[in-house]
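Here's the structure we're looking at; comments come further down.
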Amino acid sequence: MPETKLKKLPIAKLRTALRTWYQESGRDLPWRQTQDPYAIWVSEIMLQQTQVKTVIPYYQRWLAQFPTIASLAAAPQQDVLKVWQGLGYYARARNLHRAAQQVVADWDGTFPEQFDQVMSLPGIGRTTAGGILSAAFNQPTPILDGNVKRILVRLLAIQQPPKKVLADLWEASTALLDPEYPREFNQAFMDLGATLCTPKQPQCDRCPWRSDCQAYRHQLQTTLPMTEQKAPVPHKQIGVAVIWNDQNQILIDKRPQKGLLGGLWEFPGGKVEPQESVEDCIRREIKEELGIEIGVDDHLITVNHAYTHFKVTLMVHHCHHIQGEPQAIECDEIRWVTLAELDEYPFPKANQEIIAALRASKQPAPKG
DNA sequence: GAGTCGTGGCC
DNA sequence: TGGCCAAGACT
């Protein structure tokens with residue numbers, strides 16, 4: 001069905017109009033100042049599900065610390081996660097790190113130019129591969145990110161959720177891509193979605209494609225793309241322990257590589273069971289996870305945090321070590337550290353709020 | 001193929 | 001201010 005819609009599009013006219021608009025109104029972004037495939041690769045990974053404004057400072061710090069693929073490959077994972085700290089979706093950093101090691105091992109540190117080889121790297125899917133190859137090497141590889149999906153759904157007035165018509169959208173992105181200027185075209189495509197064809201209140205009056213946009217023609221631009229209904233997110237109550245020993249050190253643990261916040265450090269704790277007090281929960285969880293007995297003391301802070309598919313309330317208490325040698329039972333590693341040393345470890349956002357509270361209160365270790 | 005995976009900006 | 005969404009990939 002979209003094939004007929006595609007055939008009606010004046011593709012040459014659209015390409016020219018977009019290119020003209022881009023040369024006047026395109027964004028000047030840091031990763032467009034270079035054709036280094038590594039720098040472009042880093043930007044593409046950081047930009048997954050993340051806004052440009054958020055990425056820019058991380059991108060600059062990253063390249064300052066890891067200027068080459070070889071330097072990234074040689075770095076300890078903890079250093080990599082520390083630079084990524086706060087950016088979220090930490091599998092991106094772990095995969096980027098692994099992929100750099102793969103590039104060093106397989107291609108002597110030179111980023112590949114073949115699509116299949118690029119796709120074989122962890123963390124790089126079809127859109128990211130297309131984005132890198134078009135930006136770095138000017139290859140005519142199509143993309144289908146959130147911006148492009150939204151533009152195409154509106155341009156073609158597709159009245160189905162984008163997830164249902166991915167194959168059609170890829171076909172459209174491929175058909176539109178300008179084979180003479182693939183680098184400019186893909187960048188212009190995304191800029192159009194990011195600056196004019198926005199999710200809310202699109203600026204159709206400034207759009208180079210307005211006269212051919214089926215959504216605009218039928219005044220559907222604010223109702224498309226159709227959204228799928230989302231399930232309500234669960235809310236978990238978590239008891240968290242800041243465990244002090246008699247040397248004024250705090251016990252932290254490293255989360256397993258797989259799963260949420262993998263490879264990051266945290267203050268140990270766990271889910272409060274029905275009818276269970278927070279204090280009982282903390283004692284039980286610490287016994288289960290670390291194999292030690294603790295005493296639960298004053299409340300430090302309560303932190304609310306929203307993840308993508310659930311919410312948590314962290315109820316944090318000062319605690320003191322009573323007996324037993326801590327063991328890494330349900331985590332990768334455990335360590336006693338001072339308050340000052342916490343800065344050396346990558347922590348997720350919710351735990352950073354706990355650290356800030358610790359420093360603000362400057363509460364000494366309660367003596368057991 | 002539906003769930004999983006973070007955080008900040010925006011209104 | 002709570003919900004939506006962002007240059008998606010992986011299982």
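Convention: sequence-line order gives letters A, B, ...; per-chain numbering from 1.
In terms of phosphate contacts, A:K230 brings no side-chain nitrogen or oxygen within less than 4.0 Å of OP1 or OP2 of B:dG3.
Looking at residues two or more places apart in sequence or on another chain, you find a side-chain hydrogen bond (donor to acceptor under 3.5 Å, both in side chains) between A:N147 and A:D145, A:R150.
The stretch residues 138-155 of chain A has no heavy atom under 4.0 angstrom from DNA chain B at all. Against DNA chain B, the stretch residues 17-39 of chain A makes no heavy-atom approach under 4.0 Å.
Within the structure, the salt bridge (charged side-chain N to carboxylate O under 4.0 Å, His left out) test picks out the following pairs touching residues 314-338 of chain A (sequence neighbours left out): A:K254-A:E333, A:E333-A:R335. Residue pairs that meet the ring pair (Phe, Tyr, Trp, His ring centres under 6.0 Å) test with at least one member in residues 250-272 of chain A, sequence neighbours left out, are A:W265-A:Y345, A:F267-A:F347. Sorted by first and then second residue, the salt bridge (charged side-chain N to carboxylate O under 4.0 Å, His left out) pairs involving residues 24-40 of chain A (not counting sequence neighbours) are A:R27-A:D191, A:R32-A:D191. Contacts classified as ring pair (Phe, Tyr, Trp, His ring centres under 6.0 Å) and involving residues 94-130 of chain A (residues at least two apart or in different chains) are given here: A:W41-A:F111. Screening residues 207-221 of chain A for salt bridge (charged side-chain N to carboxylate O under 4.0 Å, His left out), with sequence neighbours left out, gives A:K13-A:D212.
Protein atom CD of A:E228 is 15 Å distant from nucleotide atom C1' of C:dC4, rounded to whole Å. Atom NE2 in A:H309 sits roughly 19 Å away from atom P in C:dA9 (whole-Å rounding). Remark: C1' of C:dG3 and CG of A:N304 are 15 Å apart, rounded to the nearest angstrom. The separation between A:I45 atom CD1 and C:dA9 atom C1' is 9 Å, rounded to whole Å. With rounding to whole Å, A:M190 atom CE is found 13 Å from C:dG8 atom C1'. When the C1' atom of C:dC10 is taken as reference, atom CZ of A:R98 falls 10 Å away, rounded to whole Å. The CE atom of A:M119 sits 11 Å away from the C1' atom of C:dC10 (whole-angstrom rounding). One can place CG of A:N95 at 19 Å from P of B:dT4, the figure rounded to the nearest angstrom.
Other residues, nucleotides and ligands contribute at most 12 non-hydrogen atoms within 6.0 Å of the CD atom of A:Q201.
Side chain to side chain, A:R98 and A:N95 meet the donor-acceptor criterion of an N or O pair below 3.5 Å.
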Practice task
Sugar-phosphate means primed atoms, P, OP1 and OP2; the rest is base. With that split, encode nucleotides 6-11 of chain B 5' to 3' as B, S or - using protein heavy atoms under 4.0 Å.
Solution key: BBBSS-
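Nucleotides C:dC5 and B:dC5 are separated by 15 Å at their C1' atoms, to the nearest Å. For the C1' atom pair drawn from B:dG1 and C:dA9, the interatomic distance equals 14 Å after rounding to whole Å. Taking atom C1' in both C:dT1 and B:dG8, one finds a spacing of 15 Å when rounded to whole Å. Across the C1' atoms, B:dG6 and C:dG3 are found 16 Å apart, a figure rounded to whole Å.
Residue A:S43 is out of contact with every strand shown, counting any heavy-atom pair closer than 4.0 Å. Looking at heavy-atom distances under 4.0 Å, A:G131 makes no contact with the nucleic acid at all. Within the nucleic acid shown, A:K311 comes within 4.0 Å of sugar-phosphate atoms alone, with no base atom in reach, counting heavy atoms only.
Here A:I334 is tied into one hydrophobic group with A:I243, A:L251, A:V272, A:V278, A:I282, A:I286, A:L290, A:I292, A:I294, A:V296, A:M315, A:W336, each link being a pair of ILVMFWY side chains closer than 4.5 Å. Other members of the cluster containing A:I322 do not exist, because no ILVMFWY side chain is joined to it at under 4.5 Å.
For the pair A:D280 and A:R283, the salt-bridge criterion is met [side-chain N within less than 4.0 Å of a carboxylate O].
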Ignoring hydrogens and angles, write down the donor-acceptor pairs under 3.5 Å from the side chains of residues 56-71 of chain A, residues two or more places apart or on other chains.
{"unit_1": "A:Y58", "atom_1": "OH", "unit_2": "A:Q85", "atom_2": "O", "d": "2.9"}
{"unit_1": "A:W62", "atom_1": "NE1", "unit_2": "A:Y38", "atom_2": "OH", "d": "3.1"}
{"unit_1": "A:T68", "atom_1": "OG1", "unit_2": "A:S71", "atom_2": "N", "d": "3.0"}
{"unit_1": "A:T68", "atom_1": "OG1", "unit_2": "A:S71", "atom_2": "OG", "d": "3.2"}
{"unit_1": "A:S71", "atom_1": "OG", "unit_2": "A:T68", "atom_2": "N", "d": "3.0"}
{"unit_1": "A:S71", "atom_1": "OG", "unit_2": "A:T68", "atom_2": "O", "d": "2.7"}

